[in-house]
Amino acid sequence: MSLSPSTWSPLNRRRWANFKANKRGFWSLWIFLALFGVTLCAEFVANDNPLLIEFNGHFYFPVFVSYPETRFGGQFETEARYRDPYVKKLIDAKGWMIWPLIPYSFDTINYNLPQPAPSPPSRDNWLGTDDQGRDVLARIIYGFRISVLFGLTLTVLSSVIGIAAGAVQGYFGGLTDLLMQRFIEIWGGMPVLYLLIIMASLVQPNFWWLLILMLLFSWMSLVSVVRAEFLRARNFDYVRAAKALGASDTTIMFKHILPNAMVATLTFLPFVLNHSITTLTALDFLGFGLPPGSPSLGELLNQGKNNLQAPWLGISAFCVLAVMLTLLIFTGEAVRDAFDPRKTEGKR
């Protein structure tokens, strides 16, 4: 489908008009995309490596390539540490450097703090530092990116599994539906958070391991919606006609019924993404999430709890999470309005 609304079908144009009519959700989407776009380019916004170096008539790009200190007249073959006063002096003698807006990465320790870490906001560290001397704003930028990417990946994978399971249940019904429904009821009755904590404590957690653990339970969120749509549509005339023409069950399920079922499913996706992000934050807060040192909003909240004398830690993490989740909720409400059949059918 073309990206231009003028080439869309009348139904899709009405849906887009309904989405835009919800000003709160419409602008929330654009604000969220803008913030996410900035964090996707985090290495160009917050980094302890310069964006560009001109040295002795040659140009270097430390953001993309690692250069040894000897390249700039130093003594070590290891990667140059551009924040080191010695390396700075070498480069400034025969060239110049262009730094990112925030000259810290998520794991950069500021050894020149005016007071012991965690230090309060200053001109050098806009949101202060955490208890290890790392820049809070840089960790927020990288943590925002990880949280959203994790949530998007988990939402896509869990949606695929949940939609497939709900489609099989609703289309075949009978014993298939009965057995799968009993399994989902038993599986869904387990204490998910406790199981995630137990599993995460048995192995060294990382991004993909946490994704697999959470995928074991998150796929059930869309099953009931898709199942209900398939149960409703499987006896419609167009489905019976497709069966009479010899269409296979797979073709009927995913070509004829699924597009109609997706209307209800799409309205839940922003809320599934919201839940994925909050679950990851909760695990990080409890210490069972991403590996130690990873940029994490939940870990920053935990630092705020452990360092009540440094309120900028908890306040910064809380404000970022509140804004992120609020934007997603408002966007979900606008998507719900866009696919509301009462509104799309009423505008003829």
Side-chain angles (χ1 to χ4, degrees), residues 3 16 19-20 22-49 51 63 99-108 121 125-130 134-156 159 207 210-211 214 266-285 289-290 294-304 311-338:
L3 295 178
W16 177 245
F19 182 82
K20 291 179 63 177
N22 190 323
K23 298 296 183 182
R24 184 173 62 184
F26 178 75
W27 287 110
S28 294
L29 174 63
W30 286 111
I31 294 173
F32 177 80
L33 291 178
L35 294 175
F36 185 44
V38 170
T39 60
L40 284 177
C41 306
E43 285 77 11
F44 299 94
V45 179
N47 205 326
D48 55 2
N49 290 337
L51 300 175
V63 173
W99 286 89
L101 182 64
I102 304 169
Y104 300 95
S105 186
F106 66 90
D107 57 352
T108 305
N125 303 104
W126 298 350
L127 294 180
T129 64
D130 63 6
R134 300 171 298 191
D135 187 75
V136 172
L137 182 55
R139 292 186 65 80
I140 284 177
I141 293 174
Y142 283 88
F144 188 102
R145 180 174 68 177
I146 287 182
S147 297
V148 176
L149 289 177
F150 184 90
L152 287 173
T153 306
L154 181 60
T155 299
V156 171
S159 297
F207 183 93
L210 281 176
L211 186 68
M214 294 178 62
L266 287 173
T267 62
F268 283 87
L269 292 184
F271 304 100
V272 176
L273 174 59
N274 210 328
H275 179 263
S276 302
I277 294 174
T278 54
T279 304
L280 176 64
T281 303
L283 288 175
D284 287 334
F285 177 80
L290 297 172
S294 301
S296 165
L297 299 178
E299 188 262 350
L300 191 58
L301 281 174
N302 188 42
Q303 286 200 34
W312 55 89
L313 296 175
I315 292 175
S316 299
F318 170 78
C319 290
V320 172
L321 282 170
V323 170
M324 180 200 306
L325 301 180
T326 301
L327 292 175
L328 289 174
I329 289 295
F330 288 164
T331 303
E333 291 177 351
V335 172
R336 181 190 60 195
D337 291 344

Distance check, rounded to the nearest 0.5 Å: D48 atom CG versus F106 atom CZ? 9.5 Å

If we ignore hydrogens and angles and just use 3.5 Å, is the side chain of N274 paired with the main-chain N or O of L325 as donor and acceptor? yes

Look at the aromatic rings of F26 and W30 and report parallel, tilted or perpendicular, splitting at 30° and 60°. perpendicular

Please test F330 against I31 for side-chain contact (heavy atoms from CB on, under 4.5 Å), starting from the C-alpha separation and ending with a verdict. CA-CA 11 Å; F330 288 164; I31 294 173; over 6 Å; no

Separation between CG of L137 and CH2 of W126, rounded to the nearest 0.5 Å: 7.0 Å

For S294, is there any backbone N or O sitting under 3.5 Å from a side-chain donor or acceptor partner on R139? yes

Gap between atom OG1 of T279 and atom CE of M214 - 0.5 Å precision: 4.0 Å

Sub-3.5 Å donor-acceptor pair from the side chain of S296 to the main-chain atoms of G298, do we have one? yes

Of all heavy-atom pairs between F144 and L35, which one has the smallest distance, and what is that distance? CZ-CB, 4.1 Å

Please step through side-chain contact (heavy atoms from CB on, under 4.5 Å) for the pair L51 and W99, ending with a clear verdict. CA-CA 6 Å; L51 300 175; W99 286 89; over 6 Å; no

Take Y104 and T129 through the side-chain contact (heavy atoms from CB on, under 4.5 Å) test and state the conclusion after the steps. CA-CA 11 Å; Y104 300 95; T129 64; over 6 Å; no

Of all residues at least two apart in sequence or in a different chain, which pass the side chain to side chain contact (heavy atoms under 4.5 Å, CB included) check with T155? S159, L269, V272, L273, S276

Please give me the minimum heavy-atom distance between P295 and L290, naming the atom from each residue. O-CD1, 4.4 Å

Side chain of T326, backbone of V323: donor and acceptor closer than 3.5 Å? no

Grab the two heavy atoms, one from A46 and one from P100, that are nearest each other, plus how far apart they are. N-CB, 4.3 Å

Looking at F268, I'd like to know if its CZ atom is crowded, meaning that more than 12 non-hydrogen atoms belonging to other residues, nucleotides or ligands lie closer than 6.0 Å. no

Scanning both residues in full, the closest heavy-atom pair of A42 with Y142 reads O-OH, 3.5 Å

So, for R134 and D107, which heavy atoms are closest and what is the spacing to 0.1 Å? CD-CA, 4.1 Å

A side-chain contact here means heavy atoms from C-beta on lying under 4.5 Å apart; do V38 and V45 qualify? yes

Pairs meeting criterion side-chain hydrogen bond (donor to acceptor under 3.5 Å, both in side chains) with involvement of residues 31-47, two or more places apart: E43-R145

How far does CG of L321 sit from OG1 of T281, to the nearest 0.5 angstrom? 5.0 Å

Could you tell me whether the side chain of N302 and the main chain of D284 form a donor-acceptor pair under 3.5 Å? no

Write down the atom of V335, the atom of L266, and the distance for their closest heavy-atom approach. CG1-O, 3.8 Å

Could you tell me the separation between the CZ atom of F150 and the CD1 atom of I277, rounded to the nearest 0.5 Å? 10.0 Å

Nearest 0.5 Å, what's the CG-CG distance between L280 and L149? 11.0 Å

Is there side-chain contact between N125 and V136, with heavy atoms separated by less than 4.5 Å? no

